[in-house]
Amino acid sequence: MPKLKLYPKKFGNKRRLTNFQTSKAVAMEANEIKALVSLLDDSDHEVSNHVEKEIKNLGDEAIPFLEHHWEENPLNPPLQRRLENLIHELQYDNFTAGLIEWKENRLHDLLEGMWRIARYQYPDLDFQTIQKEINQIYFDSWLQLRDDLHPFDTIKALNHVFFEKHGFTANTKNFHSPANSLINQVIETKRGNPISLCVIYLLVAQRLGLPIFGVNLPSLFILTYKSKQIQFYINIFNKGLVFNKKDIDTYLKQMQLEPKEIFYEPCSNLEIVRRSLLNLMYSFKKNSETEKVEEIKYVYERLGL
């Protein structure tokens, strides 16, 4: 049975958030959980509904047992559908609770926030796998830098590593693909949208100790290099093009927008994660995946500023 991408029918507007740190499954033996799962197809609906409620209370630790039961019942499509729906609900609860906990306790860790977004599509995605890929880009960049480099030359060196050595590029051919908002997919394919490419570049730059931050420009996410001595901007979606404040002024005029401070200054990690969720929501909308739009919208609203 595939462990990823299970998208059942809508469960309703109210969501139950599991306790992210604890689970009743810890207190139960594996055989007890397996026996409980086997009762899901009991002919007595009152029994099976009670069992489903108990399984939900166990949290995501019940998922392996549900998956195993799915594999054992290939000739029972109604039961398999029920299992798929239940698995996804547990995965979604875990996904939602994880992002909310990140907001409340670990806003400083942008990589974790992006990893948690990717777990919507890939619940089993390992954080260390993503971290390892970022570490490699960091190491390759570190080898190219010197303390005496001018900021412009520093960006030139980073661009060489990011775009030439590692081959990252804008995904203009499939701009609205949900994969563009999932950091694991962007790292794997080397293609992404403005914000996902910026995030990877930003994570590397900040680990190098560089004063580089995200900027929430309308319809285009960019980066800014901002120190006491100098500030300029970087368009990662356009091969790391460097530009200045006047260029942003011109861009806003073309968009017929009034200048605001947020269009020029660094934004928070929470703003980056929320905008990534917004992009993911829009991608699902373009693909007419209404149920996914509603699920991401719910989390987006829960992470309100």
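Quick caveat, the model's predicted, so the values are computed rather than measured.
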Fill in: side-chain contact (heavy atoms from CB on, under 4.5 Å) assessment of Ile222 paired with Ile236
CA-CA 7 Å; Ile222 59 173; Ile236 304 302; over 6 Å; no
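- Rounded to the nearest 0.5 Å, atoms NE2 (His160) and CD1 (Ile155) are 14.5 Å apart.
- Put simply, the side chain of Arg207 reaches to within 4.5 Å of the side chain of Asn135, judged on heavy atoms.
- No donor-acceptor distance shorter than 3.5 angstrom exists from the side chain of Asn73 to the backbone of Asn76, with no hydrogens or angles considered.
- Side-chain contact between Leu270 and Trp102: present, with at least one pair of heavy atoms (C-beta onward) separated by less than 4.5 Å.
- For Asp147, the CG atom counts as loosely surrounded, since its 6.0 Å shell holds 12 or fewer non-hydrogen atoms of other residues, nucleotides or ligands.
- Remark: Ile272 CD1 to Phe213 CZ distance equals 10.5 Å, nearest 0.5 Å.
- Criterion: ILVMFWY side-chain heavy atoms under 4.5 Å apart, direct or through other members. Under it, Leu241 and Met255 are not part of a common hydrophobic cluster.
- Within the model, atoms CG of Leu66 and CH2 of Trp70 stand 12.5 Å from one another, a figure rounded to the nearest 0.5 Å.
- If you take CD1 on Ile183 and CZ on Arg119, they are separated by 14.0 Å, rounding to the nearest 0.5 Å.
- No side-chain heavy atom of Ser181 sits under 4.5 Å from any side-chain heavy atom of Ser196.
- Using a 4.5 Å heavy-atom cutoff, the side chains of Arg106 and Arg116 are in contact.
- Between Ile248 and Val215, the closest side-chain pair of non-hydrogen atoms is not below 4.5 Å.
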inquiry  = The test is side-chain contact (heavy atoms from CB on, under 4.5 Å); show your working for Glu89 and Asn85 and say whether it passes.
reply    = CA-CA 6 Å; Glu89 184 170 356; Asn85 289 353; over 6 Å; no
- Query: Given Ile212 and Thr224, is the side-chain contact (heavy atoms from CB on, under 4.5 Å) satisfied, shown in steps?
  - Reply: CA-CA 6 Å; Ile212 294 179; Thr224 182; over 6 Å; no
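- The environment of Lys190 atom NZ is dense: over 12 non-hydrogen atoms of other residues, nucleotides or ligands sit within 6.0 angstrom.
- Between Lys297 and Met281 the shortest heavy-atom distance is CA-CE, 3.6 Å.
- Taking hydrophobic clusters as Ile, Leu, Val, Met, Phe, Trp and Tyr residues chained together by side-chain heavy-atom distances below 4.5 Å, Val242 shares a cluster with Val204.
- Residues His108 and Asn269 bring no donor and acceptor atom of their side chains to less than 3.5 Å of each other.
- The pair Asp249-Lys245 meets the salt-bridge criterion, with a side-chain N (NZ, NE, NH1 or NH2) lying under 4.0 Å from an Asp/Glu carboxylate O.
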Passes side-chain contact (heavy atoms from CB on, under 4.5 Å), Asn235 versus Phe243? Steps please.
CA-CA 8 Å; Asn235 185 352; Phe243 57 103; 3.7 Å; yes
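- Note: Phe152 and Phe232 meet the aromatic proximity criterion, with ring centroids under 6.0 Å apart.
- In this structure, NE2 in His69 is found 8.5 Å from CD1 in Ile55, a value given to the nearest 0.5 Å.
- Side-chain contact between Lys156 and His150 is absent, with no heavy-atom pair separated by less than 4.5 Å.
- The two residues Leu111 and Gln131 have their closest heavy-atom pair at CD2-CA, 4.0 Å.
- Applying the side-chain hydrogen bond (donor to acceptor under 3.5 Å, both in side chains) criterion to Glu133, with sequence neighbours excluded, gives no partner residue.
- For the residue pair Glu72 / His68, a side-chain donor-acceptor distance below 3.5 Å is found, with atom types taken as modelled.
- One distance of note links OH of Tyr264 with NZ of Lys226; it measures 13.5 Å at 0.5 Å rounding.
- In summary, the side chains of Asn180 and Ser177 do not present any donor paired with an acceptor at a separation below 3.5 Å, with no hydrogens or angles considered.
- The shortest distance between side-chain heavy atoms of Tyr92 and Val299 falls below 4.5 Å.
- Residues Gly192 and Leu197 approach most closely at O-CD1, 3.8 Å, considering heavy atoms.
- In terms of heavy atoms, Val186 sits closest to Ala179 at CG2-O, 3.7 Å.
- The hydrophobic clustering, which links ILVMFWY residues whose side-chain heavy atoms are closer than 4.5 Å, places Val273 and Tyr282 apart.
- The side-chain contact (heavy atoms from CB on, under 4.5 Å) test with Tyr201 is passed by exactly one of Val161, Asn159, Ile137: Asn159.
- Closest approach of Glu295 to Tyr120, counting heavy atoms only: OE1-OH, 2.5 Å.
- Inspection of the Glu271 and Ser268 side chains reveals an N or O donor paired with an N or O acceptor under 3.5 Å.
- Residues Asp140 and Gln136 bring a donor and an acceptor atom of their side chains to less than 3.5 Å of each other.
- Counting non-hydrogen atoms of neighbouring residues, nucleotides and ligands closer than 6.0 angstrom, the CZ atom of Phe127 exceeds 12 such neighbours.
- Annotation for Glu258: atom CD does not count as buried by contact number, only 12 or fewer foreign heavy atoms lying within 6.0 Å.
- For Thr250 (side chain) and Lys246 (main-chain N/O), a donor-acceptor pair under 3.5 Å exists by modelled atom type.
- Across all non-hydrogen atoms, the minimal contact from Ser219 to Arg275 is N-NH2, 3.6 Å.
- Remark: Lys239 NZ is packed, more than 12 non-hydrogen atoms of other residues, nucleotides or ligands lying under 6.0 Å away.
- Put simply, the side chain of Asn244 gets close to the backbone of Asp247: a donor and an acceptor are under 3.5 Å apart.
- Side-chain contact check for Phe95 versus Leu99: some heavy-atom pair is nearer than 4.5 Å.
- Checking Phe168, Phe221, Phe163, Phe175 one by one against Phe237, the ring pair (Phe, Tyr, Trp, His ring centres under 6.0 Å) holds for a single residue, Phe175.
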